[in-house]
Amino acid sequence: MADIKVASETGLDVVAVTGRAPARAGAWTVIRRFCAKQPLGAVGGGIMLVMLLTAIFAEPLSTHDPIATDAANTLARPGADHWLGSDHLGRDIYSRIVHGARVSLIVGVLSTLAGSVLGGIIGLLSAYFGGKSDLITQRVLDILQGLPLLVLALVMSAALGPSVQNVVIAISVPIIPRAARVIRASVLTIREMQYVEAARALGIRHLRIAFRHVLPNTMGPFIVLATAQLGSAILTEAALSFLGLGVPEPYPSWGRMLSVSAAEYAQKAPWLVLFPGVAISLAVFGSNLLGDALRDTLDPRLRGT
Amino acid sequence: MSACGVLTLLVLGPVILSLVAIATPAVSQTPATPKSGGVLNAMQREDLPQGFNTHETGTISSVWPVMPCFNNLVLFDPAKKVESVDSIIPELAEKWSWQDNYRNLVFLLRKNVKWHDGQPFTSKDVKYTFDVVREAKDAPAKLRTSPRKDWYANVENIEAPDPHTVIFHLKRPQPALLLMLASGYSPVYPAHVPLAELRTRCVGTGPFKLKEWKRGEYVEYVKNPDYFVKGRPYLDGIRYVVIVERGTKYAALQAGRLDVAFPGESTKTVVDQVKAAVPKMVVDVVSQNVNDNLLMNVTKPPFNNVKIRRAISMAIDRGAYIKAVHQGGAVVGASMQPKPYGVWGLVDKDLQALPGYGKPAEEKEKAKKAMAELGYSSSNPLKTEMATRAIAIYVDFASFVINELKQIGVEASLKQIETAQWHAFATRREYGLGANLTGIGVDDPDANFYENYACTSPRNYTGYCDEQVGKMFDTQSQELDPKKRYALVAQIQKKLEEEAARPMMGWRLDYFAQWPHVKGLVPHHNLYNYGRMQDVWLDK
């Protein structure tokens, strides 16, 4: 914790220490301290870890082929053969949820990363150079931010068509202005600091100062932002899939598992909507808990509150 | 009471009670005297895609809410569930007769019929309508598209010798022409109203006049006081309420906000739920005359290879498909509506001899072997794309087939197409495989074969074109002996399935639901022909 604080206060030279020192001090120690101070965050982290492992080991973990239909076992109740039941086409819900974790995580992480990185770069350059370019950039971002995340994602997805890469694009674009705003706010403070002025005085090129000296000091807010957006991205993917604009059938996606057909059979076979709903809720809950805990940990103003 | 009396009572009591129980519904179903008045609230599954221009459309979403505005020359009797040449009744035509051995069809029209705008209806309107639909060289107007122009490919010309007589002159005998004219797809248009206007307003001769069409919300009709059938319609009006989401529309029906369902929309599962909540809801199980069919683009490799098409057809277990995708709410059949719902379906023995209709495991093995001979297997799959409409019922169909094909070495990815683009997309044949639904306007081979398999038809989505099969269509069309015609039609069906021209997955059943106070609305074994609403009344 102390290392991180030093890093944010002294900038460039200590950044390297931030990366190395805690690892040497013992990852377990850091994790233990984090768990002690942020128990809810630890629960969130645990959920996300389970989700990550499920996504990685989806093949060995699943009991059936997630797209294999079975007319003899349609709408089967949860039991020994189908742990979480089967859907109206006889597909195994448990295996579909396990494989759905992969889709949710890939889409969630990729879109969050793409949106946050792109938004971060825009925010960095906009704030660092300031002036008219900052003004114009901010007005464009105002327009983008004026549209709710889901609405913008819906428009993008409808225009691009349903596929994994298009869903990633559709979700990452609305994240850009949010990321840009957060990073810009940090950079506006950092660019006035003495070490940045010193770098300028030494004649270092602007882009080098921006990326080498300013950007690393925005990592705290960046991590918080990315974690917070992850839950939102997972939820948006589920919403897009629910509306038929997400990852196409027959590949499983939690949101699509809740969509029209499932709703039709929900009274007769509630497990069709129950388990994917629980999976979405847990994933969003987990990422939000983790995001909140990281924010509390990394933001000096909130530390100790 | 003596022991004998008690015994008699014990034995006969239940029998008598059973008879009373059986008789009671019959008594309650005895037709009461129709009452006039009231507004029928009908379900509408989506907005009208082509407005009121039925001749430009190919969907029940248009036909159902537009039928009350128009009339045909003749119509399938709305009161009879099974449609045949014997159930045809007069509408704008008072009488008709075949002449010259089914080469000329003469209609004598009703007099004093007026369009909703007050103009008189004459034979000119009939000639105008069907010249436009068949895209005659001298047609005075042109539709954007005429999906059923091939229904009238055999019409040489249409003559209107006087204001109340119309003669259809045919190139060769075609008794089925009368059936096609009796379909909900065959309204007579006003010659004095431009076609483009019919996309936004309705001027017909029908029992109801358009009051308002609020796009995306409702279509509202009021009674036509000048209707040519005296005492009809009974209703003061009809309101078709557009509700797209399935759960919402059935909640509206269940709550009594709607009086009747939409044809073809009620699946077994949905209706089971409605019936459980409202036991008195009346549910009629009828065939839709709509089939789920697999499109294979025969104009491009690899599906121009009949061996691949046949293997794909053999790979799909129809019984499992119906059980999984329709929860049992469909029946297996070839290219004509299966018996007992349709007249022309193949008998079971013939059906089971066709590729894909035998024992599923054996058929799948044959398919695997055929694909292996062509060099495809699960380790070296044939990769293709399966296109379908972005609607749940289509997507379920496609998902099921994709899994079946995976087992014989075909790897298909799903591509969903928006509804508005689907028909144009299929017409342009921008696909390899496609999961499609086709409704047949009339249970007659002419209506089906010429529309969906004729080389020049815009609705021939697969591009299947065989001159010899075309000749077989013509031969059956002019055959006057029903038995001989049935044999010819059976032969064509076998040929179409053997060549996997458009493999059939199943024929859909409709679980049409309506409140018991709705009287006179009899669902047919065909979606398209019972929406006139002239005899419908409310027993409230």
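Residue numbers start from 1 in every chain, and the chains themselves are labelled A, B, ... in the order their sequence lines are given, proteins ahead of strands.
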Ignoring hydrogens, what is the shortest heavy-atom contact between Arg256(A) and Val395(B)? Give both atom names and the distance.
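Taking Arg256(A) first and Val395(B) second, the nearest heavy atoms are NH1-CG1, 4.4 Å.
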
Minimum heavy-atom separation for Gln327(B) to Tyr265(A), with atom names?
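Scanning both residues, the minimum pair turns out to be CG-OH, 3.4 Å.
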
Thr267(B): partners by side-chain hydrogen bond (donor to acceptor under 3.5 Å, both in side chains), with sequence neighbours left out
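side-chain hydrogen bond (donor to acceptor under 3.5 Å, both in side chains) list for Thr267(B), sorted by chain: Glu264(A).
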
Once rounded to the nearest 0.5 Å, what's the spacing between atom [atom1] of [X] and atom [atom2] of [Y]?
X	Y	atom1	atom2	answer
Ser399(B)	Tyr251(A)	OG	OH	10.0 Å
Leu89(A)	Lys323(B)	CG	NZ	12.0 Å
Asp70(A)	Phe400(B)	CG	CZ	9.5 Å
Ile67(A)	Ile402(B)	CD1	CD1	7.0 Å
Lys268(A)	Thr269(B)	NZ	OG1	5.0 Å

So what's closer than 4.5 Å to chain A heavy atoms on Val325(B): side chain, backbone, both or neither?
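The answer is both parts of Val325(B).
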
Quick one: what part of Lys406(B) sits under 4.5 Å from any heavy atom of chain A, side chain, backbone, both or neither?
side chain

Is any side-chain heavy atom of Leu414(B) closer than 4.5 Å to a side-chain heavy atom of Pro250(A)?
yes

Can you find a heavy atom in the side chain of Arg91(A) that is under 4.5 Å from one in the side chain of Asn403(B)?
no

Taking atom CZ of Phe425(B) as the centre, report whether more than 12 heavy atoms of other residues, nucleotides or ligands fall under 6.0 Å from it.
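For Phe425(B), atom CZ is crowded (more than 12 foreign heavy atoms under 6.0 Å).
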
What part of Thr74(A) gets within 4.5 angstrom of chain B, counting heavy atoms only: side chain, backbone, both, or neither?
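For Thr74(A), side-chain heavy atoms alone lie under 4.5 Å from chain B.
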
